Amino acid sequence: MTSASAQGKTTRGKPSQGMSMRGKVALVTGATSGIGAATAEAVAGRGAYVLVAGRDAARGEAVVGAIRERGGRADFVGADLRDAQAVRRFARDAVERGGGRVDVLVNNAGIYPFGATADTEESLYDTVYALNVKAPFYLVAELAPGMADRGGGAIVNVSTMAAAIGFPGMALYGSSKAAVNLLTKAWAAEYGRQGVRVNAVQVGPTRTETTAQAEDSLRALAAQAPAQRPGTAAEVAASIVYLADDEESGFVQGAILPVDGGRAAV
Ligand code: NAP
């Protein structure tokens with residue numbers, strides 16, 4: 001085997017990864033934990049300056065510290081994203097910290113309380129939709145126009161397999177992420193012609209700080225998929241980074257990528 005691809009290179013002779021996101025400013029929400037923390041570390045590993053977002057400053061600074069220890073660049077930005085005005089202020093703050101730009105937005109912050117529809121309080125309904133739908137909506141409203149003006153950008157939304165399958169107990173959560181799936185396509189149509197790529201990962205059961213507290217449910221859900229195991233935050237992060245990196249997924253727009261151990265296929 002002597003071809004360039006067999007030697008681990010692209011046909012243009014460039015390495016496929018390395019510091020391919022150097023010079024980019026990336027904002028990762030929910031980066032103080034789980035999939036978001038792994039994504040922040042992976043994006044920083046490709047050379048991007050990463051804004052690590054969440055409410056918990058101690059956990060956020062720990063993620064920033066881990067990134068800096070490996071020679072990466074990151075800062076923590078704190079905000080509760082349930083309120084649209086706070087989201088708008090947070091987005092403007094991120095642009096300022098990014099030196100006038102955010103090139104990559106990962107809409108990862110989310111909550112996933114499960115329970116019967118009949119037992120769901122209105123306050124919980126409002127909280128789930130505020131964080132899972134309204135926050136990404138207004139972050140995109142604030143940040144996508146700047147990306148479009150600059151002629152490029154990447155937005156990755158973190159969705160769930162429960163957005164496409166009717167699981168008992170997941171009506172509220174699944175419906176909020178089904179909205180995110182549609183928003184992914186709508187934004188790809190709205191901003192794609194100006195160079196802004198909008199995609200989503202549709203994630204299956206993944207072991208994180210939160211899901212590890214319900215290990216039995218995590219394993220039971222994972223058992224339904226061909227992979228027969230929960231994913232790791234690093235595995236999901238790798239797929240998010242693929243969609244965020246123009247050098248890898250430059251022709252991918254409006255896609256909803258299952259990262260679920262094969263659950264969507266069976
Ligand atoms: P996690 O470990 O529970 O982390 C959630 C993150 O969201 C934390 O960084 C948290 O930060 C942030 N967050 C929560 N409430 C917030 C608020 N009001 N304002 C701002 N940030 C807030 O979650 P995960 O398991 O990694 O999941 C991450 C994403 O993947 C979610 O969107 C989830 O729906 C999706 N997903 C997860 C799985 C899974 O099995 N883990 C499967 C499918 C999809 P602070 O606590 O610092 O605020």
Side-chain angles (χ1 to χ4, degrees), residues 27-42 50-64 76-87 89-91 94 106-114 123-124 126-136 138-139 156-165 167 170 172-181 183-184 200-222 224-225 227 229-237 239-240 256-261 263-264:
L27 172 59
V28 182
T29 69
T32 58
S33 171
I35 292 167
T39 300
E41 290 175 18
V50 184
L51 295 167
V52 170
R55 292 167 303 175
D56 189 309
R59 282 193 279 118
E61 292 297 352
V63 174
V64 167
F76 172 70
V77 273
D80 188 323
L81 299 178
R82 287 173 295 182
D83 173 76
Q85 287 312 315
V87 168
R89 277 196 303 276
F90 164 80
V106 180
N107 281 313
N108 167 75
I111 45 170
Y112 38 89
F114 302 149
S123 59
L124 182 63
D126 288 343
T127 299
V128 167
Y129 269 76
L131 186 62
N132 293 8
V133 185
K134 191 166 66 170
Y138 283 104
L139 278 175
V156 184
N157 297 323
V158 180
S159 183
T160 169
M161 68 184 193
I165 299 171
F167 289 105
M170 298 195 203
L172 175 60
Y173 171 54
S175 66
S176 73
K177 293 290 191 175
V180 170
N181 283 4
L183 287 169
T184 302
V201 284
Q202 188 167 280
V203 181
T206 302
R207 190 171 283 113
T208 64
E209 289 87 329
T210 302
T211 58
Q213 291 165 23
E215 186 68 29
D216 289 349
S217 316
L218 185 68
R219 282 175 188 271
L221 261 180
Q224 298 171 13
R229 65 167 177 87
T232 67
E235 286 173 316
V236 177
S239 303
I240 294 171
I256 297 170
L257 175 67
V259 185
D260 61 358
R263 179 64 179 83

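Both ligands and their constituent atoms are indexed starting at 1 by order of listing. It should be emphasised that the depicted structure is a prediction, and the values quoted were computed from it without experimental measurement.
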Item checked: Test: Asp56 and Arg59 ion pair at under 4.0 Å -> yes
Notebook entry, point to check: What part of Ser159, side chain, backbone, both or neither, has a heavy atom within less than 4.0 angstrom of ligand 1?
Noted result: backbone
Notebook entry, point to check: Would a 4.5 Å heavy-atom cut-off, applied to side chains only, mark Gln85 and Phe90 as touching?
Noted result: no
Next item on the list: Determine yes or no for a side-chain-to-main-chain donor-acceptor pair under 3.5 angstrom, with Asn108 supplying the side chain and Gly30 the backbone.
Entry: yes
Margin query: Does only the side chain of Thr211 get under 4.0 Å from ligand 1, or the backbone, or both, or neither? Count heavy atoms.
Written below: side chain
Check: With a 4.0 Å heavy-atom cut-off (strictly under), which part of Thr208 contacts ligand 1: side chain, backbone, both or neither?
Finding: side chain
Next item on the list: With the side chain counted from C-beta on, respond yes when Ile35 and Val201 share a heavy-atom pair under 4.5 Å apart, and no when they do not.
Entry: no
Notebook entry, point to check: Of the options Asn132, Val259, Val28, Val106, which is the one that meets Val158 in a side-chain contact (heavy atoms from CB on, under 4.5 Å)?
Noted result: Val106
Next item on the list: In plain terms, say whether Glu235 and Arg229 are close enough for a salt bridge, that is, a side-chain N and a carboxylate O under 4.0 Å apart.
Entry: yes
Next item on the list: Considering heavy atoms of the protein only, find what lies nearest to atom 5 (C) of ligand 1 and give residue, atom and distance to 0.1 Å.
Entry: Gly110 O, 3.9 Å
Note to self: Considering non-hydrogen atoms of the protein only, which is the closest contact for atom 43 (C) of ligand 1, and what is the distance?
What the structure shows: Val203 O, 3.3 Å
Note to self: Is the contact between Ala135 and ligand 1 made by the side chain, the backbone, both, or neither, using heavy atoms and a 4.0 Å cut-off?
What the structure shows: neither
Check: So which protein heavy atom does atom 41 (N) of ligand 1 come closest to, and at what separation?
Finding: Thr206 O, 3.2 Å
Notebook entry, point to check: Between Asn107 and Val180, is any pair of side-chain heavy atoms under 4.5 Å apart?
Noted result: no
Check: Mind checking whether Arg263 and Leu221 have side chains closer than 4.5 Å, heavy atoms only?
Finding: no
Item checked: Residue selection (non-hydrogen contact nearest atom 1 (P) of ligand 1) among Thr210, Leu81, Asp80 -> Thr210
Next item on the list: For ligand 1, indicate whether the residue Arg82 contacts it via side chain, backbone, both or neither (heavy-atom separation under 4.0 Å).
Entry: side chain
Item checked: Closest protein heavy atom to atom 21 (N) of ligand 1, given as residue, atom name and distance to 0.1 Å -> Ala109 CB, 4.0 Å
Item checked: Any donor-acceptor N or O pair under 3.5 Å, side chains Thr184, Asn157 -> yes
Next item on the list: Write down the atom of Gly261, the atom of Ala225, and the distance for their closest heavy-atom approach.
Entry: O-CB, 3.6 Å
Next item on the list: Return the option from Leu218, Val158, Val87, Asn108 holding the heavy atom at the smallest distance from atom 32 (O) of ligand 1.
Entry: Asn108
Margin query: Less than 4.0 Å is my threshold; does some heavy atom of Ala233 fall inside it relative to ligand 1?
Written below: no
Next item on the list: Starting from atom 46 (O) of ligand 1, find the nearest protein heavy-atom neighbour and note its residue, name and distance.
Entry: Arg59 NH2, 2.9 Å
Check: Between Ala53 and Leu27, what is the shortest heavy-atom contact and its length?
Finding: CB-CD1, 4.2 Å
Checklist line | Per-atom contacts, ligand 1 versus Gly34 - under 4.0 Å to a heavy atom | finding: 2 (O), 26 (O)
Notebook entry, point to check: Distance-only, no hydrogens or angles: does the Thr206 side chain make a donor-acceptor pair with backbone N or O of Gly204 under 3.5 Å?
Noted result: yes
Check: Who passes ring pair (Phe, Tyr, Trp, His ring centres under 6.0 Å) against Tyr112, sequence neighbours left out?
Finding: Tyr173
Notebook entry, point to check: Hey, which atoms in ligand 1 end up nearer than 4.0 Å to a heavy atom of Tyr173?
Noted result: 33 (C), 34 (O), 35 (C), 36 (N), 43 (C), 44 (C)
Margin query: Ignoring hydrogens and geometry beyond distance, is a side-chain donor-acceptor pair present between Asn181 and Gln202 at under 3.5 Å?
Written below: yes
Note to self: What protein heavy atom lies closest to atom 10 (C) of ligand 1? Include the residue and the distance to one decimal.
What the structure shows: Thr32 OG1, 3.8 Å
Check: Hey, are the side chains of Lys134 and Leu131 touching, using non-hydrogen atoms and a 4.5 Å cut-off?
Finding: no
Notebook entry, point to check: Applying a 4.0 Å heavy-atom criterion (strictly less than), which segment of Leu131 is in contact with ligand 1: side chain, backbone, both, or neither?
Noted result: side chain
Note to self: Please list, in number order, the atoms of ligand 1 under 4.0 Å from a heavy atom of Gly204.
What the structure shows: 40 (O), 42 (C)
Margin query: How far is atom 6 (C) of ligand 1 from the closest protein heavy atom, and which atom is that?
Written below: Gly30 CA, 3.6 Å
Notebook entry, point to check: Which bit of Lys177 is near ligand 1, meaning a heavy atom under 4.0 Å away: side chain, backbone, both or neither?
Noted result: side chain
Checklist line | Ile35: numbered ligand 1 atoms lying under 4.0 Å from its heavy atoms | finding: 26 (O), 30 (O), 37 (C)
Next item on the list: Mind checking whether Ala31 contacts ligand 1 via backbone (N, CA, C, O), side chain (CB onward), both or neither, at a 4.0 Å heavy-atom cut-off?
Entry: backbone
Notebook entry, point to check: Polar-atom distance check: Arg55 versus ligand 1, any N or O pair below 3.5 Å?
Noted result: yes
Item checked: Ser175 vs Tyr129, side-chain contact (heavy atoms from CB on, under 4.5 Å): CA-CA, chis, key distance, verdict -> CA-CA 9 Å; Ser175 66; Tyr129 269 76; 2.6 Å; yes
Note to self: Please work out, at 4.0 Å between heavy atoms, whether the side chain, the backbone, both, or neither of Pro205 comes within that distance of ligand 1.
What the structure shows: backbone
Margin query: Is Ala79 close enough to touch ligand 1? Criterion: a residue heavy atom under 4.0 Å from a ligand atom.
Written below: yes
Notebook entry, point to check: So which protein heavy atom does atom 23 (O) of ligand 1 come closest to, and at what separation?
Noted result: Tyr112 OH, 3.6 Å
Next item on the list: For ligand 1, note which part of Met161 has a heavy atom under 4.0 Å away: side chain, backbone, both or neither.
Entry: neither
Check: Is the shortest N/O to N/O distance between Gly54 and ligand 1 below 3.5 Å?
Finding: no
